[in-house]
Amino acid sequence: MITIGLDLGGTNVTAIAHDGAKVLASTKHRTPTTGGRSDVLDLLARAVDETMDAAGLKRKHVAAVGVGSPGIVTDGTVGNASNVPGFQSRFALDEEVAARTGLPVRVANDVTAAAVGEHRLGSGRGEDDLLAVFVGTGVGGGLILGGRPFEGGTGGAGEFGHLVVRQGGAVCPCGRRGCVEAYAGRRAMVLAAERAVAGGRASILFEVMREKGKPRPTSGVFRDTLQRGDALLTELLEDAVATLAAGIATAVNLLDLGRVVVGGGLADKLGAPFVARIEAAAQRSLFLQPPRARIVPAALGDHGGAIGAALVARDD
Ligand SMILES: [Zn+2]
């Protein structure tokens, strides 16, 4: 059975054709930042067509389409996705994509889809109680419990980035205080670096950004700045490691998880040593001893969300 998986991000739409074991072809498009909902939906349909073409597939070969979408997903509808035009108010994303592609459509939260990918084909294989944490611009989380994605009563479960790890702490991009993302999300770390530099601290972060010709400090800029020994960013990263470890230990203590998979743009760029530091820091806060939970790097990289969406589409 072949399915198409779409990963709708704030920046890119990644689409893949998948046979249940491997990626047959993939395409990538820029997510529209202007216009409305129909521009995004038209792009999703075009991405399906182009991915079928790239894999040499006709519509009759494709069983279904899976969409991983940001926001709160319930029963094929999505809402509260502030990064995608027209996706704030709730609507039936499954019906809209089905009407445009003529294929059955299944929708999941994007991070939950990525967690499904890691569970079935990545570093989560063989473990049915796991948390997948994605550290990038923000910090996302997806839960697999008893071998199945767990999205909660209204689709809002797994918001790992908004676990409160410091009472009255730094302001998070969500507007609340002390969340994991307020310390470990790249956007929050850049804001903290800007404030420190404005206050007179030295840092080469923004110099490295300009050298690399980037409009903002990307995960690659973070990696290069850390490799050059920047003291400010090193401190911010230590704080990120500590808060990720506190959040992960909290989740493991609550749910008796067997594994935590850590991926996302920043974690992928910093690699296994970053994840090993998180694991070492988390061990001290784990209640069950000796701990059974392992904290490991994600395996599927950039395509993880689209692979997960393709796998979710097979489930119907
Ligand atoms: Zn928050």
Side-chain angles (χ1 to χ4, degrees), residues 1-8 16 18-23 63-81 90 92-94 97-98 104-134 139-163 247-264 288 291-301 303-316:
M1 185 198 290
I2 292 167
T3 56
I4 305 281
L6 295 171
D7 184 18
L8 170 59
I16 58 148
H18 202 267
D19 66 1
K22 61 182 188 301
V23 175
V65 174
V67 186
S69 171
I72 308 288
V73 173
T74 37
D75 296 328
T77 70
V78 61
N80 299 83
R90 185 158 295 278
L93 177 58
D94 56 352
V97 177
V105 175
R106 180 97 185 257
V107 181
N109 169 267
D110 55 350
V111 186
T112 302
V116 168
E118 291 293 336
H119 173 234
R120 299 203 196 154
L121 294 176
S123 327
R125 271 178 299 177
E127 174 55 59
D128 279 345
D129 297 306
L130 72 91
L131 168 70
V133 171
F134 298 96
V139 178
L143 277 170
I144 306 289
L145 298 178
R148 302 183 56 81
F150 180 83
E151 297 191 290
T154 58
E159 289 294 346
F160 174 81
H162 306 289
L163 288 186
I248 286 170
T250 301
V252 170
N253 291 347
L254 181 69
L255 297 166
D256 186 17
L257 302 169
R259 204 170 304 162
V260 179
V261 176
V262 182
L288 288 181
R292 88 176 171 102
R294 288 170 46 218
I295 303 173
V296 298
L300 301 181
H303 280 163
I307 291 171
L311 295 174
V312 165
R314 301 172 70 82
D315 288 350
D316 273 359

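In this text the structure is predicted, and so the values were computed from the model without any measurement.
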Under 3.5 Å, which donor-acceptor pairs do the side chains of residues 150-162 form with other protein atoms, sequence neighbours left out?
unit_1, atom_1, unit_2, atom_2, d
E151, OE2, T112, OG1, 3.3

Shortest non-hydrogen separation from [X] to [Y] and the atoms involved:
X: G263; Y: A298; result: CA-CB, 3.6 Å
X: G68; Y: A113; result: CA-CB, 4.4 Å
X: L257; Y: A293; result: O-CB, 3.4 Å
X: A310; Y: H18; result: CB-CB, 3.7 Å
X: R259; Y: G124; result: NH1-C, 3.4 Å
X: V312; Y: A108; result: CG1-CB, 4.3 Å

Are any of the side-chain heavy atoms of [X] and [Y] separated by less than 4.5 Å?
X: D256; Y: R292; result: yes
X: I295; Y: V252; result: no
X: D110; Y: L8; result: no
X: D129; Y: L255; result: no

(request) Would you tell me whether R314 and T3 have side-chain atoms, one donor and one acceptor, within less than 3.5 Å of each other? (result) no
Could you list the donor-acceptor pairs under 3.5 angstrom formed between side-chain atoms of residues 114-122 and any protein atom two or more places apart in sequence or on another chain?
unit_1, atom_1, unit_2, atom_2, d
E118, OE1, S123, N, 3.0
E118, OE1, A299, N, 3.0
E118, OE2, A299, N, 3.2
E118, OE2, L300, N, 2.9
H119, NE2, E127, O, 3.4
H119, NE2, D128, OD1, 2.9
R120, NH1, D315, OD1, 3.2
R120, NH2, D315, OD2, 3.0

(request) Under the side chain to side chain contact (heavy atoms under 4.5 Å, CB included) rule, collect the residues that match up with V78, sequence neighbours excluded. (result) S69, V73, F87, F91, L93
(message) Tell me if a side-chain donor or acceptor on N109 pairs with a main-chain N or O of G71 at a distance below 3.5 Å.
(response) yes
(request) With rounding to the nearest 0.5 Å, note down the distance linking CG in L145 to CG in L130. (result) 8.5 Å
